[in-house]
Peer 1: 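Right, I'll just put the structure down here and ask away after.
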Amino acid sequence: MSYGGKMKNTNGLLTVKNLVKHFDISGGLLDQLAIEKGHIVRRRTTVKALNDVSLSIMPRENLGVVGESGCGKSTLARTVLGLYPPSSGEIYYQDKRVDNLTAKEMLPYRKKMQMIFQDPYASLNPRMTVKKTLEEPVFFHNKSITPQDAKDKVAEVMQQVGVDPQWAGRYPHEFSGGQRQRISIARALMVDPEFIVADEPVSALDVSIQAQILNLLMDAQEKRGLTYMLITHDLSVVEHVSTRVAVMYLGTICEMAQTKELFESPRHPYTQALLSAIPKISHQKTKHIKLKGEVPTPINLPSGCIFHGRCLYTNERCINEIPRLIRLDSGTKVACHGVEEGRL
Ligand code: SF4
């Protein structure tokens with residue numbers, strides 16, 4: 001067993017170290033004022049969305065990031081891509097630190113790192129044809145490309161994602177949900193990225209279409225050598241497509257493991273509870289683990305292990321001491337005193 005709190009340099013394509021993202025939602029001065037023991041005091045309210053997150057994604061890897069709604073996974077995605085500035089911590093693309101770059105310095109990395117959003121209708125401009133939507137990032141990142149080359153590229157990528165290039169003159173509302181998500185994927189692929197963050201890419205789609213879109217993402221990964229960070233609340237999605245999985249709870253990573261290892265031998269009590277809730281088509285009965293209480297608010301994080309109020313194995317140490325992410329002999333990383341003490 002070894003401690004993974006301080007990350008060493010790895011050959012990761014993308015590495016985040018001790019990433020913190022807090023949002024100040026205090027509002028105006030009047031909203032911040034309160035009376036305490038007869039005195040007027042000023043109080044700030046902070047949502048602690050990400051708390052000391054460290055991870056590294058290897059080239060061509062598909063890292064699934066899972067957790068319930070509000071666990072910070074989408075904030076992680078947006079912070080990694082520079083859409084939110086981190087409150088503290090570091091982000092590296094290969095060996096280059098990118099979280100402190102100016103907008104101009106960040107441009108080449110914006111081309112390498114693309115995002116696919118959950119709702120393809122909301123992420124496509126309803127007033128732009130597919131051709132314009134797909135050409136836009138190409139002209140932005142490659143000022144010298146000719147209109148004919150851009151047009152050819154649109155046709156090539158539309159073909160790759162399974163949308164007839166003859167429909168390039170159509171608008172988003174003329175397509176089905178699945179086709180719109182194919183167009184969103186095409187837009188991300190237009191600039192030949194290396195790293196794609198897919199934030200719940202199939203959760204807005206009909207179940208019958210989800211497998212097609214996941215297959216499309218997997219094909220694109222294989223053909224183009226892409227690296228993915230796949231954000232989802234759906235464990236069955238990561239079980240089928242991810243090579244490794246990070247489980248998040250209240251803005252922290254509580255467990256990270258190879259997919260097979262995580263699904264066969266989950267170690268963190270929260271991961272065990274999440275997995276026990278998946279219906280299984282097998283004769284083997286798994287007991288549904290019912291957690292105590294509700295997810296605490298990210299405004300007032302619990303002391304010690306942030307899961308202690310809901311965990312079935314809490315002891316005194318759990319209430320007072322934050323567990324560090326430790327590496328087990330199996331390669332799994334887990335943040336739990338119970339596992340470290342050998343009682344779980
Ligand atoms: Fe439960 Fe303690 Fe482990 Fe947290 S550290 S998951 S409270 S056993």
Side-chain angles (χ1 to χ4, degrees), residues 1-7 16-22 46-55 63-73 75-76 89 231-235 238-239 242 244-278 286-344:
M1 179 185 295
S2 63
Y3 292 104
K6 280 190 182 166
M7 285 189 59
V16 303
K17 294 183 183 178
N18 310 106
L19 198 63
V20 173
K21 179 63 192 172
H22 292 175
T46 309
V47 174
K48 300 169 183 80
L50 283 183
N51 303 294
D52 200 16
V53 170
S54 297
L55 56 82
L63 178 77
V65 180
V66 298
E68 296 163 289
S69 168
C71 71
K73 54 192 189 304
T75 303
L76 174 64
I231 309 287
T232 180
H233 68 282
D234 189 341
L235 285 157
V238 292
E239 185 177 12
S242 295
R244 203 157 53 105
V245 182
V247 181
M248 287 190 74
Y249 181 78
L250 267 185
T252 64
I253 291 179
C254 56
E255 183 162 0
M256 194 153 35
Q258 295 296 321
T259 306
K260 193 165 180 287
E261 185 71 25
L262 187 105
F263 279 82
E264 283 177 1
S265 312
R267 300 302 307 272
H268 195 283
Y270 177 63
T271 315
Q272 291 171 355
L274 273 187
L275 292 184
S276 78
I278 309 178
T286 43
K287 201 173 154 217
H288 178 47
I289 302 169
K290 210 164 182 302
L291 294 174
K292 299 186 281 177
E294 300 290 322
V295 182
T297 163
I299 293 171
N300 279 319
L301 292 179
S303 62
C305 170
I306 49 165
F307 189 59
H308 82 248
R310 306 186 73 202
C311 183
L312 306 174
Y313 312 101
T314 306
N315 66 12
E316 198 61 28
R317 186 182 175 203
C318 302
I319 297 168
N320 296 311
E321 191 185 320
I322 297 174
R324 287 185 286 173
L325 209 55
I326 54 170
R327 183 191 284 275
L328 308 178
D329 293 341
S330 62
T332 293
K333 286 183 176 177
V334 63
C336 173
H337 295 314
V339 173
E340 189 192 335
E341 291 160 5
R343 59 187 172 89
L344 290 182

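Remember, it's 1-based here, ligands and their atoms both numbered in the order they're listed. Just the heavy atoms: all of them, side chains too, but no hydrogens, waters or symmetry mates, feed the values below.
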Peer 1: Give the atoms of ligand 1, by number and element, whose distance to some non-hydrogen atom of His308 is under 4.0 Å.
Peer 2: 7 (S)

Peer 1: Sub-3.5 Å donor-acceptor pair from the side chain of Glu261 to the main-chain atoms of Gly331, do we have one?
Peer 2: no

Peer 1: By the definition side chain to side chain contact (heavy atoms under 4.5 Å, CB included), identify the one residue from Leu235, Val238, Val66 that meets it with Val247.
Peer 2: Val66

Peer 1: For Asn51 and His22, which I'm curious about, is there any donor-acceptor pair between the side chains at under 3.5 Å?
Peer 2: yes

Peer 1: Using a 4.0 Å cut-off to any heavy atom of Thr314, which atoms of ligand 1 qualify?
Peer 2: 7 (S)

Peer 1: List ligand 1 atoms under 4.0 Å from Pro269, heavy atoms only on the residue side.
Peer 2: 6 (S)

Peer 1: With a 4.0 Å heavy-atom cut-off (strictly under), which part of Cys336 contacts ligand 1: side chain, backbone, both or neither?
Peer 2: both

Peer 1: Would you check if there is a donor-acceptor pair between the side chains of Glu255 and Tyr249 at a distance under 3.5 Å?
Peer 2: no

Peer 1: Would you call His268 a ligand 1 contact, heavy-atom distance under 4.0 Å?
Peer 2: yes

Peer 1: Please write down residue, atom name and distance for the protein heavy atom closest to atom 1 (Fe) of ligand 1.
Peer 2: Cys311 SG, 2.3 Å

Peer 1: Is the backbone of Arg244 close enough, under 3.5 Å, to the side chain of Thr259 for a donor and an acceptor to pair up by distance?
Peer 2: yes

Peer 1: What protein heavy atom lies closest to atom 4 (Fe) of ligand 1? Include the residue and the distance to one decimal.
Peer 2: Cys305 SG, 2.3 Å

Peer 1: Please list the nearest protein heavy atom to atom 2 (Fe) of ligand 1 with its residue and the distance rounded to 0.1 Å.
Peer 2: Cys318 SG, 2.3 Å

Peer 1: Does Glu341 pair with Arg317 as a salt bridge, N-O distance under 4.0 Å?
Peer 2: yes

Peer 1: Are the side chains of His233 and Lys73 in contact, using a 4.5 Å heavy-atom criterion?
Peer 2: yes

Peer 1: What residue and heavy atom of the protein are closest to atom 5 (S) of ligand 1, and at what distance?
Peer 2: His337 N, 3.2 Å

Peer 1: Run the numbers for me: atoms of ligand 1, each under 4.0 Å from some heavy atom of Phe307, listed by number.
Peer 2: 6 (S)

